[in-house]
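I have placed the structure first, in the form of C-alpha cells, so that the comments after it can refer back to it.
Letters go in sequence order (proteins before strands), and every chain restarts at 1. Just so we're clear, the structure is a prediction, and the values are computed from it rather than from any experiment.
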There are 2 protein chains.
Amino acid sequence: MSGISDVARMAGVSKSTASRALTGGGYVSEATRQRVLEAARHIGYVASTNAASLVTGRTKNVGVIIPFVNRWYFGEVLEGVEDALLACDYDLTLYNVRPGTPSRSRIFEHFLARKRFDGVITIGLDPSPDELDRLLSLDRPVVSLGAQYDGVSSVAIDDVAVSRLATEHLIGLGHTRIVHIGGERSADLTGTVHGRRLRGYLDAMTDAGLGAETLHVPSEMTLPGGYAAGVQVVSNLRSRPTAISAASDEVAVGAIVAARRTGVQVPAELSIVGVDGHEYAEMFSLTTVEQSPREQGVAVVELLMDALGGRQESTTALLHPTRLVVRSTTARPRT
Amino acid sequence: MSGISDVARMAGVSKSTASRALTGGGYVSEATRQRVLEAARHIGYVASTNAASLVTGRTKNVGVIIPFVNRWYFGEVLEGVEDALLACDYDLTLYNVRPGTPSRSRIFEHFLARKRFDGVITIGLDPSPDELDRLLSLDRPVVSLGAQYDGVSSVAIDDVAVSRLATEHLIGLGHTRIVHIGGERSADLTGTVHGRRLRGYLDAMTDAGLGAETLHVPSEMTLPGGYAAGVQVVSNLRSRPTAISAASDEVAVGAIVAARRTGVQVPAELSIVGVDGHEYAEMFSLTTVEQSPREQGVAVVELLMDALGGRQESTTALLHPTRLVVRSTTARPRT
DNA sequence: CGCCGCGCTGAGAGCGCTCTCAACGTTATC
DNA sequence: GATAACGTTGAGAGCGCTCTCAGCGCGGCG
C-alpha cells in the first residue's frame, strides 16, 4: 500500500508538494509536477479518496435513488446517469427503493444518513413527506428526474402533454370511443407519472367534447399488466372501443399482444398508441410519443454538477422535448 | 455536524468508550452503553463510515461490475444483489461496463483502482486477460455471477445443460429439424453464455444422432434480435424447421412474435422453447427452462460475505438448479 | 496480606490525506 | 538599495474515527 509520502520521497519533495502536484491545486513548478507524476506512475500510486474525503468533505460519489432497475425507462435513465457521472469522475452508489419493500425505509432512515455522497439523484421518486424531509435534511444537493417535488431541481418531460398528444392523435383520426389503459387512479392526478398521463388523456377527451365517453382501465405499468388490461378491453364486446391510449409503451405492447391473440386486427379494428419510445416500439410498429431517458439522465447529472459547483441558480425544472412518431398501430376507425 | 466526541461528552465518557459502545467491540458496562446510545440518538449521531474506513481499512461498500442494466436477467440479479447487500449493511457501487464503451476501460483502469470497496461482484462478466489481471491485483475478494473464470468463486447455472434440456424436450416431442437462435458463434463455446447454450444445443442434437441437421441463426440476445432471427427462420420456406431452440426467453419471445406476425401457428407449425424464466414467459405461454437470477444474486453475496469474513474455503463454483416448465409453445410436429 | 486477574475506562497515537501558514529565493517597483 | 510581490516549497495541524495500551478498583486465591 503505497501512500503519498512514498511518492513524495521518491520525487524528492515534501508531502505537501506531492499533494499539490497530484490534485492540481496551488503553485507547483512544472518540473516538480512532472517528477511527482512520474514517481506516482512508477509505484502505481492511487490516492485514497477516503482519506481525501475526510479532510475535504467531498466524496466524489453520488447516491442514486431508484424504485426499479428492471423497467425500460429506469434502466435507460440509470445507464445515462452512470455514464455522465463517470465522465465527471464520480462513483455511483445505487439505492433501490422498490415501493413497499421493507428495505425502502431502511434506506431512507439508515443508509442515506451515512451521507457517503456529495449529492443525490432521485429517479421517478414520489417521496412521502417523511422521506422528503429526510432527503432535504441531508444537507446535500438533491436533483430529481422524472418527477417534481418541493425544493428540488428536476429534469422531466411533460407527462400530461405527451399523453394528451397521443390521445389527440387518435381523436384526430376520427376516434371517439377511446379507452385509457394505465396505472391506478388516485385522488391526486399530479403526483405520479401514470396519474399525469391519465390527466392528459382526460384533458384531451374533454377538450374534444368527449368528456362523457372517457374510460379508464387500470393496469400495472408493465407489459403483462397491459396484456391483462388489453384482454379486458377486447373481450368487452358490447361496447368495444375503437382505440386505446396507453400510459406507456410497455402497456401498449401488452395490449397489442392481447389484441392479436384474440384475433382483433390492429389497427383495422383497434388503434393503439403508447408513450415512451421503448426499444420494442419499432418492432411492434407502435405509434408512440418518444422521449429520451438516456439524455435526461445526462441532463440531470449536469444539474447536479452545477449544484455541487455552487452554480445553482435557485430551483429549476427542465422539461425535455418529446415527439409523436406515427407508425402502424393507429389508423382511422372503420366507419 | 456532530461527531463522536459530542456523543462522548454528552454521555460523560471518553471518546474511546463511546466508540466501543457504538461499534460493539470490547468491554463496556451495560449502563454506559445505554447512556451512550441514548446520547447518540438524542443528537442524531451517525458515524462517519469514511473516518472509520480510514483506520479499519473496511469500507462497508461493495463494487458491482455489470455489463447491462437493462436486460431482464441483469436487472433481476442486480435487485437481488442490492437487497442482500443492504441486509448486510453494505452499500452498492455500480460499475456499468457495457462492452465496447470507452468507459469500460476507464472503469477497470481508473475507478476500480480507487478501491472504494471491500470486495467486488462481477455479473456475467467475461473479462479480458488484462481486465482479469487488474481485478485480481486489487487485493480484494472477487466473486462472479453467471460466469466462471480463473481464481474466482462463482454462482451460476449450467448453461450447457439448460440448453441441452430445452433441446431434448423438442427432440423428445419428435422434432428433428430444430434450429438454434442465439448469439454469435465464436471459436470458444465456453467463454460466453450464448456460446455455452449453443453448445448444449449441439450436444443434444449430436447425442440424438441429429448432428448433421444442426442449424444456428445468430442474433442479439434481445427481443428485437430474436424477432429478426425469427423472421429469417420463418421466411425460409423451403426447409422450414419444425422447432426453434432459443438461447434465451427474450429471443424466444421475439421469435414467437415474428411467427405470429407471419401467420405461422405456434406450436402447431412451429414449436419454440426458451431458457430463463423471463417475466414475459408466462404471458406468451412459453415453454422454457427456468432459473432464478434473484436468488443467485443473494447467493453470490453470501459467497462474498464468506470471503470477507475469512471463511473462504478455496475457490468454489456453485451451480444453481433449473427446471423445465412446459407451457404451450411446444407440441409434437405435424406428421 | 499481597498478588493476580477481571471488568471497565481513558489517554493518545495514527489511518492517509489536504490545507494553512511561514519561509525562502528571485524578480519587479519605487 | 530597500521594499514589495511573486512563485515555490516544507512543516505540521487536523479531518473523525478505531484501537492499543495502561490504569484503576475489586474480588478471589495462595
Exercise for the section: Send over the distance from A:Leu54 CG to D:dA13 P, rounded to a whole Å. Expected result: 17 Å

Problem - Whole angstrom value for the distance that separates C1' of D:dG16 from CZ of A:Arg116 - result: 14 Å

Fill in the blank from the handout: Here the side chain to side chain donor-acceptor pair (under 3.5 Å) pairs for residues 134-145 of chain A, sequence neighbours left out, are A:Asp130-A:Arg134

Practice task
Starting at atom CG of B:Asp6, determine the distance to atom C1' of D:dC15, rounded to an integer number of angstrom.
Solution key: 14 Å

Fill in the blank from the handout: Between A:Ser5 and B:Val28, whichever has its closest DNA chain C nucleotide further toward 5' is B:Val28

Pairs: protein N or O with nucleotides 18-21 of chain D N or O, under 3.5 Å:
from, atom 1, to, atom 2, distance (Å)
D:dT18, OP2, B:Ser19, OG, 2.6

Practice task
Find the distance A:Arg9:CZ to C:dG16:P and express it as a whole number of Å.
Solution key: 12 Å

Handout entry: Side-chain donor or acceptor of B:Ser29 paired with backbone N/O of B:Thr32 under 3.5 Å
Key = yes

Practice task
Kindly assign one of parallel, tilted or perpendicular to the pair A:Phe117 and A:Tyr95, based on the angle between their ring planes and the thresholds 30° and 60°.
Solution key: perpendicular

Exercise for the section: Could you verify whether a donor N or O on one side chain and an acceptor N or O on the other, from B:Asp89 and A:His110, lie under 3.5 Å apart? Expected result: yes

Between the protein and nucleotides 5-7 of chain D, list every N/O to N/O distance that falls short of 3.5 Å.
from, atom 1, to, atom 2, distance (Å)
D:dG7, OP2, A:Tyr27, OH, 3.1

Where do N or O atoms of nucleotides 23-29 of chain C meet protein N or O atoms at under 3.5 Å, pair by pair?
none

Exercise for the section: Using atom types as modelled and distance alone, determine if a side-chain donor or acceptor of B:Ser14 lies under 3.5 Å from a backbone N or O of B:Thr17. Expected result: yes

Exercise for the section: Could you please spell out the steps behind the side chain to side chain contact (heavy atoms under 4.5 Å, CB included) verdict for B:Ile65 and B:Leu135? Expected result: CA-CA 11 Å; B:Ile65 304 181; B:Leu135 221 43; 3.8 Å; yes

Exercise for the section: Would you please confirm or rule out a distance under 4.0 Å between OP1 or OP2 of D:dG16 and any side-chain N or O of B:Ser48? Expected result: no

Fill in the blank from the handout: Bend of the helix from C:dC1-D:dG30 to C:dC30-D:dG1 from end-axis comparison, five pairs per end, nearest 10°, comes to 50°

Problem - Stacked cation flag A:Arg71 on A:Phe68, 6.0 angstrom / 45 deg - result: yes

Practice task
Under 4.0 Å between any heavy atoms, over every strand shown, what does B:Thr32 touch: base, sugar-phosphate, or nothing? Just pick one.
Solution key: sugar-phosphate

Fill in the blank from the handout: When rounded to the nearest 0.5 Å, the distance separating CG of B:Asp91 from OG1 of B:Thr93 is 6.5 Å

Problem - Donor + acceptor pair across side chains of B:Tyr149, B:Thr122 (<3.5 Å) - result: yes

Exercise for the section: Check whether any side-chain N or O of A:Glu38 sits under 3.5 Å from a backbone N or O of A:Arg35 as a donor-acceptor pair, and report yes or no. Expected result: no

Completion exercise
With sequence neighbours left out, the residues meeting side chain to side chain contact (heavy atoms under 4.5 Å, CB included) with A:Asp118 are A:Arg58, A:Thr59, A:Tyr90, A:Leu308

Exercise for the section: Could you tell me whether the side chains of B:Asn70 and A:Glu76 share a donor-acceptor contact shorter than 3.5 Å? Expected result: yes

Exercise for the section: Assess whether atom NE2 of B:His42 is packed by more than 12 heavy atoms of other residues, nucleotides or ligands within 6.0 Å. Expected result: no

